[in-house]
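Written out below as structure tokens is the structure these notes cover.
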Number of protein chains: 2
Amino acid sequence: MEKLNDIIFYSIEKSIKTYRQFAQKNISKAGIEITIDQWLVLKTIEEDNSISQKDIATKTFKDVASITRIIELLVQKGYLSRNLKSQDRRRFDLTLTKEGNTIIDKMQPYIQINRTQALKNITDEEIKNLHSILSRITANIS
Amino acid sequence: MEKLNDIIFYSIEKSIKTYRQFAQKNISKAGIEITIDQWLVLKTIEEDNSISQKDIATKTFKDVASITRIIELLVQKGYLSRNLKSQDRRRFDLTLTKEGNTIIDKMQPYIQINRTQALKNITDEEIKNLHSILSRITANIS
DNA sequence: TTTATTTTATTGATATATCAATTATATTTG
DNA sequence: CAAATATAATTGATATATCAATAAAATAAA
């Protein structure tokens, strides 16, 4: 086999895994008790509180089954309230609680710092480039 | 929040998740009963059969605990044999069985096809670029 | 309107990720 | 050498990923 590092998919995987670990470690170190994935789902609901779980899944590149379980944890932790929608009883009304809003606010600066540090010496041009290439790869296999 | 798609980490995550699903689907469709992760570990051992589980973990960007479990499955499936090393009894000798070698061979063309299709309209220049940017991001947060 | 189909979400099973604690062995140090 | 330390791997607990099967409700079709 070609050298692992020469294979672009390993580079991609390595960077995203490293970023996730880095981000999670900073959050945990700050004493915030939430996972990156839980935050992502919470943030998605905050932005659009009429969104369906199916659409949360699509938006976060996750599976609907994972979303069900993550939401369950967010409800347990008291960050989210979940109630059947009267208009469509297959779906749920998802609303952030006060604690949910608080944790989102608390997270914001860390998210910012994480991104800034990760992209320290990368130009806007390069980011645009990265986007372009990655989206073509994604399109090729979708 | 900025649009999800504008955030480079989502692009990265999306592309690698899409690729994994695409690759796994093609493998399964071909009737090959192995996961991409199991294959990756098997392939790593094939390349260096004196490698430690710790080093397999590093090389595949995985956790040693995951490696233990993946190896357990590979042994169960009959693709790998595992024996204590006499020189260092904390470690194991890991050797591909005949079936292990067979499945590696069977996989090879699909791996090739998957990569080719994913990188269809991407130039060597762009891949080099991608490597460069991603490795700088990884370095920034390591 | 009854039946068929589609959509939304849940659940179970299995694989993997991560962290912490533990075990066994090897190496270093006093 | 004996004790302390370091290393390799395993195990348990919890979170997430994926697939398949199922349930419940909504919508479309007969």
Side-chain angles (χ1 to χ4, degrees), chain A residues 13-14 16-29 33-42 45 50-77 79-80 82-94, chain B residues 13-14 16-29 33-42 45 50-77 79-80 82-94:
Chain A
E13 185 131 341
K14 182 174 188 178
I16 199 64
K17 278 197 178 178
T18 308
Y19 181 70
R20 283 188 150 262
Q21 285 169 2
F22 166 77
Q24 186 67 63
K25 190 170 297 176
N26 287 344
I27 296 308
S28 302
K29 210 161 52 188
E33 295 196 350
I34 194 170
T35 68
I36 300 287
D37 290 305
Q38 289 166 12
W39 168 79
L40 180 57
V41 170
L42 203 58
I45 296 167
S50 71
I51 196 171
S52 68
Q53 297 186 195
K54 187 174 180 301
D55 288 345
I56 296 173
T58 305
K59 198 158 185 179
T60 58
F61 322 130
K62 291 178 183 301
D63 192 274
V64 286
S66 295
I67 297 299
T68 293
R69 285 161 181 141
I70 291 174
I71 284 179
E72 179 58 33
L73 289 173
L74 288 170
V75 169
Q76 270 176 38
K77 287 184 165 180
Y79 296 148
L80 202 58
R82 177 181 45 182
N83 300 292
L84 276 175
K85 256 189 156 53
S86 45
Q87 317 94 291
D88 183 342
R89 294 167 39 76
R90 290 169 305 185
R91 295 182 44 188
F92 292 96
D93 256 321
L94 299 167
Chain B
E13 184 132 342
K14 184 175 187 177
I16 198 65
K17 278 198 178 178
T18 308
Y19 181 69
R20 284 188 149 263
Q21 285 169 1
F22 166 75
Q24 186 68 62
K25 191 171 296 177
N26 287 343
I27 297 307
S28 303
K29 211 162 50 187
E33 294 197 349
I34 194 170
T35 68
I36 299 288
D37 291 304
Q38 290 166 10
W39 168 79
L40 180 57
V41 170
L42 202 59
I45 297 167
S50 71
I51 195 171
S52 68
Q53 296 188 193
K54 188 175 179 299
D55 289 345
I56 296 173
T58 305
K59 198 159 184 178
T60 57
F61 323 131
K62 291 180 183 301
D63 191 273
V64 285
S66 296
I67 298 298
T68 294
R69 285 161 180 142
I70 290 175
I71 285 178
E72 178 58 32
L73 288 174
L74 288 169
V75 170
Q76 270 177 37
K77 286 184 166 182
Y79 295 147
L80 203 58
R82 177 181 45 182
N83 300 291
L84 275 175
K85 257 188 157 51
S86 44
Q87 318 95 290
D88 184 341
R89 293 167 40 75
R90 290 169 305 185
R91 294 183 45 189
F92 291 97
D93 256 322
L94 299 168

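In what follows, every heavy atom counts, from backbone to side chain, and hydrogens, waters and symmetry copies are set aside.
Summarising the geometry, the separation between CG on B/Asp63 and P on C/dA20 is reported as 11 Å, rounded to the nearest angstrom. One atom, NZ of A/Lys62, and another, P of C/dT10, lie 16 Å apart when rounded to the nearest Å.
Taking for each of A/Lys17 and A/Lys54 the nucleotide of DNA chain C with the nearest heavy atom, the 5'-most of the two is the partner of A/Lys54. The residue among A/Lys25 and A/Ala65 whose nearest nucleotide of DNA chain C lies closer to the 5′ end is A/Ala65.
Protein chain A contacts DNA chain D over a range whose 5' and 3' limits, counting nucleotides with an atom under 4.0 angstrom from a non-hydrogen atom, are D/dA15 to D/dA26.
Scored by the salt bridge (Lys or Arg N to Asp or Glu O under 4.0 Å) test, B/Asp55 finds no partners at all (sequence neighbours excluded). Scanning for side-chain hydrogen bond (donor to acceptor under 3.5 Å, both in side chains) contacts around B/Asn26 gives B/Asn114, with sequence neighbours left out.
To the nearest 0.5 Å, atom CD of residue A/Gln38 and atom CG of residue A/Leu74 are 5.0 Å apart. Note that CD1 of B/Ile27 is 5.0 Å distant from CD1 of B/Ile36, once rounded to the nearest 0.5 Å.
The two atoms that bring A/Lys59 and A/Ile51 nearest to each other are CD-CD1, 4.4 Å, heavy atoms only. When all heavy atoms of A/Lys17 and B/Phe61 are compared, the closest pair comes out as NZ-O, 3.0 Å.
Counting heavy atoms from C-beta outward, B/Arg20 and B/Asp37 have side chains that approach closer than 4.5 Å. The closest side-chain heavy-atom distance from B/Leu73 to B/Thr35 is not below 4.5 Å. Looking at heavy atoms from C-beta onward, A/Leu80 lies out of side-chain contact with A/Val41 at the 4.5 angstrom threshold.
Taken residue by residue, residues 84-94 of chain B places heavy atoms nearer than 4.0 Å to DNA chain D at B/Arg90, B/Arg91, B/Phe92. Taken residue by residue, residues 66-76 of chain A places heavy atoms nearer than 4.0 Å to DNA chain C at A/Thr68, A/Arg69.
Residue-level contact check: A/Gln24 touches neither bases nor backbone, having no heavy atom under 4.0 Å from any strand.
Looking at A/Lys77, its side chain does come within 3.5 Å of a backbone N or O of A/Glu33 through a donor-acceptor pair.
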For residues 64-72 of chain B, which side-chain donor-acceptor pairs fall under 3.5 Å, sequence neighbours excluded?
from    : atom 1 : to      : atom 2 : distance (Å)
B/Thr68 : OG1    : B/Val64 : O      : 3.2
B/Glu72 : OE1    : B/Arg82 : NH2    : 2.8
B/Glu72 : OE2    : B/Gln76 : NE2    : 3.4

